[in-house]
*Asks:* 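Below is a structure I'd like to ask you about.
Just so it is clear, the values below take in all heavy atoms, side chains as well, and ignore hydrogens, waters and symmetry mates.
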Amino acid sequence: MYQKQEKDWLGSFVTAALGAGIITSLAVAQGQSPWLAMGITGFAATVAVAFDRFL
């Protein structure tokens, strides 16, 4: 009855990065550095996948 589901890490990371990337692209449009925005996006996606893994 209970089936342990395998997580799709790559899919989770891509989904989280797309969500964070939309917001940071707005910040780039307002004048933020693109490199800083990519760093924020990567960090946010990594944290989201880590929360998904451990919670």
Side-chain angles (χ1 to χ4, degrees):
M1 186 159 247
Y2 174 75
Q3 296 177 355
K4 186 175 182 181
Q5 296 178 343
E6 280 293 315
K7 302 272 185 174
D8 179 19
W9 301 111
L10 182 60
S12 295
F13 187 81
V14 169
T15 301
L18 284 173
I22 290 169
I23 301 303
T24 53
S25 66
L26 295 174
V28 169
Q30 295 294 320
Q32 183 181 18
S33 165
W35 293 107
L36 180 61
M38 285 191 288
I40 291 169
T41 301
F43 178 74
T46 302
V47 169
V49 170
F51 275 129
D52 185 45
R53 165 70 172 100
F54 295 114
L55 295 179

*Asks:* Considering non-hydrogen atoms only, spot the tightest contact between Val28 and Ala37 and give its length.
*Replies:*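 Distance-wise, the nearest heavy atoms are CG2-CB, 3.4 Å.
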
*Asks:* What is the distance from atom CG of Leu18 to atom CZ of Phe13, rounded to the nearest 0.5 Å?
*Replies:*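 Reported value, rounded in 0.5 Å steps: 10.0 Å.
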
*Asks:* Could you tell me which non-hydrogen atom of Ala16 sits nearest to which non-hydrogen atom of Ala45, and how far apart they are?
*Replies:*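 The answer is CB-CA, 3.8 Å.
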
*Asks:* Looking at OG1 of Thr24 and CD of Gln30, how far apart are the two atoms once the value is rounded to the nearest 0.5 Å?
*Replies:*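 Here the rounded value is 13.0 Å.
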
*Asks:* What distance separates Ile23 CD1 from Ile40 CD1, expressed to the nearest 0.5 Å?
*Replies:*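 Atom-to-atom, Ile23:CD1 and Ile40:CD1 are 11.5 Å apart.
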
*Asks:* Looking at Ser12, is its backbone amide N or carbonyl O close enough to the side chain of Thr15 to form a donor-acceptor pair, meaning the two atoms are under 3.5 Å apart?
*Replies:*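 Pair absent, no side-chain N/O of Thr15 close to backbone of Ser12.
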
